[in-house]
Number of protein chains: 2
Amino acid sequence: MNITKTESIGRWISLLHRYGNVYMNEQLKDYNLGAGQYQFLAVLYDNEGLSQDELAHILKMDKGTAARAIAKLEKEGYVERKTFSVDKRIKKLYLTDKAHAFKSTLTSILSGWSNITTKDLSADEQAFAMKLLNKMSLNAEGYLNEMK
Amino acid sequence: MNITKTESIGRWISLLHRYGNVYMNEQLKDYNLGAGQYQFLAVLYDNEGLSQDELAHILKMDKGTAARAIAKLEKEGYVERKTFSVDKRIKKLYLTDKAHAFKSTLTSILSGWSNITTKDLSADEQAFAMKLLNKMSLNAEGYLNEMK
DNA sequence: TATTATTAGTTGCGTACACAACTAACAATA
DNA sequence: TATTGTTAGTTGTGTACGCAACTAATAATA
């Protein structure tokens, strides 16, 4: 029995993730950002005012990872953390002008990678790939959430 | 324009990779292995006698990463490195009895994750997902190789 | 209202990786 | 054959994570 067969999906996921990070690091270098930050920024573009915990939850990332990613985004001037008197634990996240100005750049970078990886897929295949990956993610989430 | 749309494939890839690692770490814990080693072992099951460089090349991993992963596999008694007099730089990799005995376990662990993530996909959908991910990986590879 | 959870965020630690600089061994060319 | 590449493997460094322990702040309950 050939073990590689069973492993192949995982292998491709791993490769796409690692190569995607290499690409993003390269593309984001000039903006003082890395592969570890852009996802948080991307979510904020569509949902300004989220807390760190909400952000981490949306991305299914550890809150420690979120804390450090956002600290970096703040340090580089992309986000601001604001505490309101309602609940002083919560730090709501807001985008700076620099971040707003950067949005179209990030969008092109992201669609650049998307175009590279799906370049020979038809529109139907792309849509189907998205559907399948979405399902697989939900299955993975569901399984690990049950574990806790 | 919604940036999340452009980013969604990458986000799912990232999630599947991270959650896959969590799963593998959990499953491999009792065998003193982690998510960083099993891929190398899996390739060796089908190709005993490869060099580190060949292994790294097959997995599209950095040779430094390969060196450390294999060092760990050796330390835990899964592989042996043998140098032959033909070319003293090359260390050919061989599986130990412990590794052979572990093969079926690793196979179940891997198919376990595969079953979890694709649990509600039909056989056709699974085959199609594999085809698409394979294509995307090749595209990613092709792009990054051109860059050098 | 005093005590006992729960929650948001921070930080230390360990692992997985890429990149780059290095060494030793081998190959190619002058 | 002396010199000048390559190549296989190692190791240092930095980043991206998850996990767990911790601190405030808030909520729930006795």
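Just so it is clear, the structure is predicted and the values come from calculations on it, not from any experiment. Each chain gets a letter, A, B and so on, in the order the sequences are listed, and its residues count up from 1.
To the nearest angstrom, P of C:dT15 lies 21 Å from OH of B:Tyr23. Nucleotide D:dT26 holds its P atom 15 Å from the CG atom of A:Asp53, rounded to whole Å. Distance, A:Gln39 CD to D:dA16 C1': 11 Å, rounded to whole Å. With rounding to whole Å, A:Ile90 atom CD1 is found 10 Å from D:dT26 atom C1'. Remark: C1' of D:dG9 and CG of B:Leu73 are 16 Å apart, rounded to the nearest angstrom. A straight line from CG of B:Asp62 to P of C:dC22 spans 17 Å, rounded to a whole angstrom. Between the C1' atom of C:dA16 and the CD1 atom of B:Ile70 lies a distance of 14 Å, rounded to the nearest Å. Remark: C1' of C:dT15 and OH of B:Tyr38 are 14 Å apart, rounded to the nearest angstrom.
Taking every side-chain heavy atom of B:Arg89 into account, D:dT6 is the closest of D:dT6, D:dC17, D:dT26. Distances from the side chain of B:Arg68 to the nucleotides D:dT10, C:dC13, C:dA18 place C:dA18 closest.
Classified by interplanar angle (parallel below 30°, tilted 30° to 60°, perpendicular above 60°), the ring pair B:Phe102/B:Tyr31 is tilted.
Without hydrogens or angle criteria, A:Thr96 side chain to A:Ala99 main chain gives a donor-acceptor distance under 3.5 Å. Looking only at distances, a side-chain donor or acceptor of A:Glu48 sits under 3.5 Å from a matching main-chain atom of A:Leu95. A donor-acceptor pair is defined here as one N or O able to donate and one able to accept, closer than 3.5 Å; no such pair exists between the side chain of B:Asn134 and the backbone of B:Met130. Formation of a donor-acceptor pair under 3.5 Å by the A:Ser14 side chain with backbone atoms of A:Gly10 is not found in this model. Counting only distance, with no hydrogens or angles, the side chain of B:Gln37 and the backbone of B:Gly34 share a donor-acceptor pair below 3.5 Å.
Comparing the end axes of the helix from C:dT1-D:dA30 to C:dA30-D:dT1, each fitted to five base pairs by superposing C1' atoms of four pairs onto the next four, gives an inter-axis angle of 10° (nearest 10 degrees).
A heavy atom closer than 4.0 Å to some atom of DNA chain D occurs in B:Arg81, these being the qualifying members of residues 78-85 of chain B.
Comparing A:Phe40 and B:Gln52, the nucleotide of DNA chain D nearest to each residue sits closer to the 5' end for B:Gln52. Mapping B:Leu33 and A:Asp87 onto DNA chain C by nearest heavy atom places A:Asp87 closer to the 5' end of the strand. When each of B:Lys72 and A:Val22 is assigned the nucleotide of DNA chain C bearing its nearest heavy atom, the one mapping closer to the 5' terminus is B:Lys72.
Around atom NZ of B:Lys88, no more than 12 heavy atoms belonging to other residues, nucleotides or ligands sit under 6.0 Å away.
No hydrogens or angles were tested; on distance alone, a donor-acceptor pair under 3.5 Å links the side chain of B:Lys63 to the base of D:dG9.
Nucleic acid contact for B:Lys88: sugar-phosphate only, since backbone atoms but no base atoms lie under 4.0 Å from a heavy atom of the residue. The residue B:Gln37 sits close only to the backbone: its heavy atoms come under 4.0 Å of sugar-phosphate atoms, none of a base. Here A:Thr65 lies in heavy-atom contact (under 4.0 Å) with a base.
The hydrophobic clustering, which links ILVMFWY residues whose side-chain heavy atoms are closer than 4.5 Å, places A:Ile90 and A:Leu44 apart.
Residue pairs that meet the salt bridge (charged side-chain N to carboxylate O under 4.0 Å, His left out) test with at least one member in residues 30-45 of chain A, sequence neighbours left out, do not exist here.
Cation-pi geometry between A:Lys60 and B:Tyr19 is not satisfied (NZ or CZ under 6.0 Å from the ring centre, within 45° of the ring normal).
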